Amino acid sequence: MTKETIHGYEAVIGLEVHVQIKTRSKIFTRVAAGYGFPPNSLTDPVVLALPGTLPVMNKAALDAIIKAGLLLGCEIAPVCKWDRKNYFYPDSPKNYQITQYDQPICVGGQVEIELPGPARNVMGEHKKVPLTRIHLEEDVGKLNHGATDSLVDYNRAGTPLMEIVSEPAMHSAEEAFAYLTSLRATMIFGGISDCDMEKGQLRCDANISIRPAGETKLGTKVELKNLNSISFVRDGIAHEIKRQVGVLERGGALVQETRDYDGHAGTSQSLRSKEMAHDYRYFPDPDLMPVEVDDAWKAKLRAECPELPFAKQRRFVDAYQLPYSLTSVLAWDRGLADYFEQAVRAAGPDRAVAVGNWIVNFFLREVGERKGSIEALAARVPPAAAAELVGMVQSGELLGNAVAQVSSAMFSDGAPPREVVEREGLSARSDAGELEQWCRDAIAANAKALAEFKGGKESAINAFKGPVMKAGKGKADPKRVDAMLRKLLAE
Amino acid sequence: MSSAPDLDLDHVAKLARLTLTPAERALFARQLGDVLHHIEQLGKVDVTGVVPTAHAFPVVNVWADDAAAPGLPVEEALRNAPAQREHMIVVPKVVE
Amino acid sequence: MSSELHFKSIADLSGLLENRQVSSVELTTAVIGRTKAVDARVRAFNSFDESGALAQAAASDARRGAGKARGPLDGIPVGLKDVIAVANQPLTASSRMLANFVSPYDATVTVRLKDAGAVLWGRLNCDEFAMGSSTENSAFGPTANPWDLSRVPGGSSGGSSAALAAGEAIATLGSDTGGSIRQPAALCGVVGLKPTYGLVSRYGLVAFASSLDQIGPFARTVEDAAIVLSTIAGHDPHDSTSFKAAVPDYRAELKQRRGPWRLGIPQEYFGAGLDPEVNAAVQRAIAFYEARGCTIKEVSLPHTQYCLDTYYIIATAEASSNLARFDGVRYGHRSKDAKDAVDLYFKSRSEGFGAEVKRRIILGTYVLSSGYYDAYYLRAQKVRTLIRQDFLNAYREVDALLTPTSPAPAFKLGEKSDPLALYLCDIYTIGVNLAGLPAVSVPCGFTGGGLPIGLQLIGQPFQEAELLAIARGYEEGHEWGQRHPVL
Ligand SMILES: [Mg+2]
Ligand SMILES: [Zn+2]
């Protein structure tokens, strides 16, 4: 691809993403993990690092990171170990973090990204951002800073955390945005994390440098912190690139530093470099034993790996001939994609596009308007009901202009479509007798047109249709009206 | 280890978050100097190809299943806290 | 045999309790009385909970009355080194840092002793955070050796050995990182067992050096040590380094194993620095085993000279990290005049820790610091492999090794102020921790001045049953352990 340049400079971006793993208990002790609980209500002697306490690994956290590694094409290390990263900070109960230093569990891998296409309904360019590593570690507690002191809540301390480190291989804020979007979906699809950035379940730091286009050496790196929403990541990086270009254009020099991005103000400021030099004194944690991952373990987890969004999109195009615009909506939510496929299975493959359209136009709109969840609405209106509704339209039993009405009734009380149609008398074939009567009345009321038709003027039939449609109040299917009129006129 | 131990006592004490009095500083410098001098002889051991021992009896894959157990009630958790407010631990201002 | 209850063995007392010749309340009262009579001089205890102990004793008597006694430890007063957590009891590690700390939880060994019906009796003094060989590094003052109150009881578990020797408990627990059970056992004339690394859970033991620490018993006899070990040993899911294997009834095993054994004498343990009286006593022990039909074989542990350095690198490195949690934030000493969080660390730690702890934290921090890790820590771990290999090589030819426990008997309080000189007290015990092996110190005589001497037997990994049987083989022929100091 052609790299975006600004005033002859090219940006080089690497992201360090921390993702909380969704487990019941913490990574090194079995007290519950969770968000939104009263302060210090999710602790035990191990979390608080009371004297004498020892860590015991959580198997589910290991399963989750191996799964993440498999989903991202990493090499899973056959053996890995635990190290202590020693530093003092009030949110860290032991004043060391148990992490993986020189033997991470996942090595390499990549995140497939899609850049914005020329239009919403046209697929953009795909690219693979290489990963350096993914390792497992423990989260720290939360500090609430006050004017004169700080308050510490250790509920978050010990939550399993994955650190996903990309290579410095992205070149624009858009790429970083696409990277996070894809990574987030991968984690959610894998059931590894909910990745709610507001809850701190996904946190991102960016390393950004610029260099003259064509240069291969890396420029001075700035670490941008506190990018706490996906759009802040995009805005913060764009802002930082511009800032760096500005500094160089004014003849200034960049310094290696950490900057704090304020997403609301759209500004960043340098964090005073910590007065203490960093020397983490990593060494293998003697309280924990190494982890050995064999092929059987990997195979078991691989079997649990779901299809990822891009693969789903490609399959939906191939298998169902869906347009790109539909796949880019349907394939990016696992629940929605499953709903779609179940509905297609019930409706038949030739109705896939109709099912997809109905989901996007009615089902998803309802989710959005009600601010509900896909799962909740899917429980009220199961895929079979969606399939039935689409089937009724396709067979002519229900008219297109009545779908909105039927759908909204289905959404509000979960009634099956056929029941709604009957209840509200919306069937296009409701009563053949009724239609016949409307047609007979229309013919009887217009002797002139009858004579013209009998005289061979084919188009005279149209004169009867208006009154029939009017009498039918929307239930009269024009095709069936035409057929009925011809039948009666031929008598 | 071939060179003489160059212990920067002030730097190391800082890493360890310890302040030494001038008397402690002088005493420790001498005593740790002796110990480090003694330790120098480890440099003589041929450790080529020797695998480091991290655990005397290593086993792998020691873990527990992910089942949440009850933790400490907050009053117990904060029982030994030197200062607390709103069920949280109070620390002096954290300067970044 | 002494007629006083507080000097009797667990084996004898459990018989008396079983036959209702004595109640646990009577026994516990006797131990409390003895403690009150002598501890002002011995200073073995950091604290004790008299009413709590009597309540446990009464509960034990009630169980026994209902025919629900739980075994040989039911109703027996057992003292714990003040580095082992007991719920709702102080846990100080003999440090100003934890002077007011009350543990909200039980160590695994505590749970097991409680389950066995033992009466948990008192918190025993030790070197601060178990760092030392004389119990002089306690923030609460030194413990005295009951055999000579002007001398040290050894350390770091000096309170545990002294209390037992003085009749202030029937058995005690200590912890051993580089000899901290065996050396004070030798200096106080009692049996002290350091189990194989991983046999006894470390959960609830205030960590000094995680890869070396083990909890073990002090007891009057090898049989008593076997009884306590059977209670506290075994896999613990809260300790990832705990060994997964069934634990035998060590007391029953003692009767099955009668030798003769092949005993190795490591030549490196009998060189310069060994006190002649200690050497003579150990030589007599060797002759005793030989006379009993054992094969005595001289062996070599060629990396012995590197044990001390290897130990001080690994132990202090691990300690520097383990003791980082003592920061005045969540518990422990908090400095009154910290201006910010960083200042809080410096002031609280500098005020809370004693000199030896600071020295070791600094040494450990240094050997792990940037640029030195490979030269010190990593190299020490490799030498540790060689040291371990030496022992395993020796075990191809012998069942156990026999050495002095300590190069010298108890020295005077305040006599050794130089850290390096003190570190040398552990030269015969340290290798065992580096190799993770079990070892026991049994009394093997007295100096002309009346100070106890200890014999160390070093066993094969997880072969405590055999090791204790070998120790018992010596003990059966001698009466050293039945002497008691006059206080
Ligand atoms: Mg990082
Ligand atoms: Zn991290």
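Every value quoted in this text rests on a predicted model; they were computed, and no experiment measured them. Protein chains get the first letters and strands the later ones, always in sequence-line order, with residue 1 at the start of each.
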Report summary line: If one checks every heavy atom of C:Ser320 against chain B at 4.5 Å, the contacting part turns out to be neither
Requested in this report: Tell me, for C:Leu344 versus chain B, whether the close heavy atoms (under 4.5 Å) come from the side chain, the backbone, both or neither.
Outcome: side chain
Query raised in the report: Heavy-atom distance under 4.5 Å to chain B: side chain of C:Pro237, backbone, both or neither?
Result: neither
Query raised in the report: In terms of side-chain heavy atoms, does C:Ser210 have a donor or acceptor partner in C:Glu318 at a distance below 3.5 Å?
Result: no
Query raised in the report: What part of C:Thr385 is in contact with chain B, defined as an atom under 4.5 angstrom from a non-hydrogen atom: side chain, backbone, both or neither?
Result: both
Query raised in the report: Checking heavy atoms, do the side chain of B:Ala64, its backbone, both or neither come under 4.5 Å from chain C?
Result: neither
Report task. Could you tell me how the ring of C:Phe326 sits relative to the ring of C:Tyr331: parallel (under 30°), tilted (30 to 60°) or perpendicular (over 60°)? Result -> perpendicular
Report summary line: If one checks every heavy atom of C:Asp239 against chain B at 4.5 Å, the contacting part turns out to be neither
Report summary line: Cut-off 4.5 Å, heavy atoms of chain C, and the answer for B:Ala54 is both
Query raised in the report: Using the ring of each side chain (for Trp, its six-membered ring), is C:Phe243 parallel, tilted or perpendicular to C:Phe462, with breaks at 30° and 60°?
Result: parallel
**Report entry** Ring-ring centroid check C:Tyr423 C:Tyr311, cutoff 6.0 Å
**Finding:** no
Query - Region of C:Ser348 in contact with chain B, defined by heavy-atom distances below 4.5 Å - result: neither
Requested in this report: Answer yes or no: does atom CG of C:Asn393 have more than 12 heavy-atom neighbours from other residues, nucleotides or ligands under 6.0 Å?
Outcome: yes
Query - Contact class of C:Ala380 relative to chain B, heavy atoms under 4.5 angstrom - result: both
Query raised in the report: What part of B:Leu18 gets closer than 4.5 Å to chain C, counting heavy atoms only: side chain, backbone, both or neither?
Result: both
Requested in this report: Pick one of side chain, backbone, both or neither for B:His55, based on which atoms fall under 4.5 Å of a heavy atom in chain C.
Outcome: side chain
Query raised in the report: For C:Ser335, is it the side chain, the backbone, both, or neither that has a heavy atom closer than 4.5 Å to a heavy atom of chain B?
Result: neither
Requested in this report: Please check if any side-chain donor atom of C:Ser201 sits under 3.5 Å from a side-chain acceptor atom of C:Ser242, or the reverse.
Outcome: no
Query raised in the report: Does a side chain donor of either C:Gln89 or C:Ser103 reach within less than 3.5 Å of an acceptor in the other side chain?
Result: no
Query raised in the report: C:Thr304 and C:Asp390: which non-hydrogen atoms are nearest, and at how many Å?
Result: N-OD2, 4.4 Å
Requested in this report: Can you tell which part of C:Arg384 gets under 4.5 Å to a heavy atom of chain B, answering side chain, backbone, both or neither?
Outcome: both
Query raised in the report: So which part of B:Leu27 gets closer than 4.5 Å to some heavy atom of chain C, the side chain, the backbone, both or neither?
Result: side chain
Report task. Sort B:Val45 into side chain, backbone, both or neither according to what part of it lies under 4.5 angstrom from a heavy atom of chain C. Result -> both
**Report entry** Main-chain N/O of C:Gly354 paired with C:Glu128 side-chain donor or acceptor, under 3.5 Å
**Finding:** yes
Requested in this report: Evaluate the criterion salt bridge (Lys or Arg N to Asp or Glu O under 4.0 Å) for residue pair B:Asp10 and B:Arg25; output intermediate values, then yes/no.
Outcome: CA-CA 8 Å; B:Asp10 294 324; B:Arg25 206 197 168 285; 2.9 Å; yes
